[in-house]
Amino acid sequence: MTTIRDGNIFEAMRILLPEHRTTAERYRRQRARRRPPELFEDELAEMQYVLSEAIEQRRPVRLTLFHPSEDVVIEGVPELRGGRLWLWQADGNRVPVDYRRLIRVEVS
Amino acid sequence: MAIEWIVGHIDMQSFYASVEIASNSRWADRRQLEVDHTDPPLAVTGDPKRRSGIVLAASPTAKHAGVDTAMRLGEALKVCPRLITVRPRMQLYLDVSVRIHETVRMTFPLYEPFSVDECFFALPWPSELFPDPVAVARELRERIWDQFRIRCRIGLAPNKWCAKMANKRAKKTPGGVVWWPKDRVLDELHPLPVTEMWGLRRRAEVLQERFGCQTIGDVARVPVGRLRAVCGVWGEVIHRWANGIDYSDFNPDTMRVPHQGFSNRMTLPRDYYERRDVMVVLLELLDEVCERARRAGQAGRRVGIGMTYEGLTGGFYRAKTIPQPSNRPEELYPTLVALLDRHWDGSGVRAVSVSLDMLMQDTTAIQLSLLEDVPRRKRYWQAVDAVHSRFGETAVMRASSLLPAGQIRERSQKIGGHWA
């Protein structure tokens, strides 16, 4: 334990409200949060092209979806139904795809 | 040439008042960094109906007109009838503070917060990155002005205490930056009056009366043994400071280290004379302290109670150690009440504080009891904490807080005793 004589005296004399600490912590967390990449126009156009080709030809694609903790990669055959994008996976399951989270589309 | 560290101390000018002025476009356009009186005469004041009807912060223009912090609102309006008064918005001030601190942190290798409007930084010198310490400090000052429209002053010196003292000088220096290089510190420091020594509080009077010291130079000449005999361990600190020495190092992670203790204090709107009234606020404070400990994953073995009597003079602080660490009010409350009954002399109570320290990690290992279902009580508090963090402190509260003595509803809208 530090004493007044030897320690960081300003640490002992500091006046910080608990709410200040909480605010600083929240700010740090917000800064550290992963943000989705900002895609250029031509990147978006290319994604759209690859996806629409795959839908047309019923060919499988590999989709990368942004997630705050870790990106999610899913594979399957894309399909547009009821105004939504779906992916038929190899195991026969159909999953909905949130296209707003799409950051990469590749032919698999 | 050996590399040394230059320590900087930043102090935001009239912080709460400046945030208010900066956040209102009505006043923003005509303000200038170097011209204080381009600010409107504004004061942040507590609620006029309550004890807090005092000036918390005043703009330089208001101060020039005679308004001072801690002045009663009525008095302030008398000396400055044009005074614009606003209610505090503590959360806004904390948000701005954290962002300014972040700017400082990102500019220099070392940073440490000190209060809502003050922090320290350090830079190596000489270095290619910071060839001119004063220029670098000025740039930071201008950046803070450009981004936040807050004026600040910066003191630079070989250590924290001297930086704080240099900052005092910066208040009176155009450009707002003062650097005391190592070889000039004593020349700058020693002519200053002893009352200007930061951090001494009443000890400055002792130095004047017992040792006849008028200047800091006089203090430096008093043998350390004599200072120690009168001021105890502080004698040594005073001796060092007067000689421009301070060993305080930097702790950049200071905001993240586990708490040493939790303590909450409440100033009451009137004096409380009844035991049952005091018990209501005691329990409210204990709930707050315990919740903070639980959120930090800590539990304490020593619980303390502090009372300040009417007129904010007199009172007591007593603490008691309990066998097992706890962060549950039902376990700690009986000890608090016992302390209250033993030490309270029945005087009117104006402020109450509750503390919990001797902390340790609140492990998953549970001390079971024959008399109560401890895991269930733990789950109960987890649920209460979750409700509080999602819906606010008053979403679930004790029935006793609805009694006239209860303060939680008012308090939940405040930070540090002022409106959030």
Side-chain angles (χ1 to χ4, degrees), chain A residues 1-44 63-74 83-85 93 95-104, chain B residues 7 9 90-99 101-102 105-106 112-120 159-161 163-164 198-199 201 228 232-237 240-241 246-251 254-257 259-260 262-264 288-289 291-292 295-296 389 414-418 420:
Chain A
M1 192 162 153
T2 54
T3 64
I4 287 174
R5 199 177 47 214
D6 305 314
N8 182 351
I9 202 162
F10 290 88
E11 206 162 32
M13 296 177 92
R14 188 177 47 210
I15 319 141
L16 278 183
L17 291 167
E19 290 85 353
H20 195 171
R21 197 169 154 134
T22 314
T23 306
E25 191 53 47
R26 196 180 57 228
Y27 186 72
R28 214 178 352 256
R29 269 204 310 272
Q30 276 174 6
R31 281 183 63 87
R33 205 182 48 191
R34 285 187 79 226
R35 287 185 177 80
E38 287 186 18
L39 299 170
F40 290 109
E41 200 73 10
D42 48 352
E43 284 175 302
L44 286 166
L63 306 179
T64 308
L65 301 167
F66 172 80
H67 190 272
S69 54
E70 196 181 13
D71 292 343
V72 180
V73 179
I74 45 175
R84 295 191 70 179
L85 179 62
N93 280 328
V95 291
V97 177
D98 181 355
Y99 60 87
R100 290 165 303 186
R101 284 172 51 204
L102 261 184
I103 53 174
R104 196 178 306 146
Chain B
V7 176
H9 173 259
M90 292 300 286
Q91 189 57 54
L92 173 68
Y93 309 151
L94 294 184
D95 286 336
V96 175
S97 164
V98 165
R99 282 163 176 77
H101 279 223
E102 195 62 14
R105 193 184 68 83
M106 290 194 299
E112 187 181 293
F114 186 61
S115 70
V116 70
D117 57 354
E118 288 175 71
C119 65
F120 291 102
N159 56 55
K160 281 184 179 170
W161 189 78
K164 191 118 177 48
W198 181 85
R201 301 202 181 118
R228 214 187 288 132
V233 70
W234 267 95
E236 206 166 315
V237 176
R240 281 183 201 161
W241 283 355
D246 174 34
Y247 295 141
S248 297
D249 50 8
F250 268 78
N251 182 358
T254 189
M255 286 285 227
R256 292 187 230 193
V257 292
H259 287 272
Q260 301 281 315
F262 296 95
S263 163
N264 278 31
E288 284 182 19
V289 164
E291 186 162 337
R292 286 175 60 200
R295 284 191 199 287
S389 64
K414 293 183 172 185
I415 293 174
H418 309 301

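On a predicted model such as this, the values are computed, not experimentally measured, just so you know. Hydrogens, waters and symmetry mates are skipped; everything else that's a heavy atom, side chains included, is used.
A/Ile9 is not listed as a side-chain neighbour of B/Lys160, based on a closest heavy-atom distance of 4.5 Å or more. A 4.5 Å side-chain heavy-atom check between A/Thr22 and B/Arg295 finds every atom pair outside the cut-off. Inter-residue side-chain proximity for B/Val98 and A/Arg28 is flagged as unmet; no heavy-atom pair is nearer than 4.5 Å.
The aromatic rings of A/Phe10 and B/Trp198 sit parallel, their planes meeting at an angle under 30°, below the 60° perpendicular limit.
The most heavy-atom pairs under 4.5 Å with chain B, out of A/Arg26, A/Arg31, A/Glu25, come from A/Arg31. Here B/Trp161 is the residue among B/Tyr247, B/Trp161, B/Phe250, B/Tyr93 with the most heavy-atom pairs under 4.5 Å with chain A. Between chain A and the residues B/Arg99, B/His101, B/Gln91, the largest count of heavy-atom pairs under 4.5 Å involves B/Arg99.
Interface residue B/Val116: backbone and side-chain heavy atoms are both found under 4.5 Å from chain A. Interface remark: B/Phe262 contributes no atoms to any contact with chain A (heavy atom separation under 4.5 Å). Neither the backbone nor the side chain of B/Glu118 comes within contact range of chain A; no heavy atom of the residue lies under 4.5 Å from a heavy atom of that chain.
Counting all heavy atoms, side chain and backbone alike, B/Gly199 lies closest to A/Met13 at O-CE, 3.8 Å. Contact detail for B/Phe114 and A/Arg14: the closest heavy-atom pair is O-CG, 2.5 Å. Of all non-hydrogen atoms in A/Glu11 and B/Glu112, the two that sit nearest each other are N-OE2, 4.5 Å.
Put simply, the side chain of A/Thr23 never gets that close to the backbone of B/Asp95: no donor and acceptor are under 3.5 Å apart.
The 12-atom threshold is not exceeded at CD of A/Glu70, counting heavy atoms of other residues, nucleotides or ligands nearer than 6.0 Å.
Put simply, the residue from B/Ser115, B/Ser97, B/Pro113 that forms a side chain to side chain contact (heavy atoms under 4.5 Å, CB included) with A/His20 is B/Ser97.
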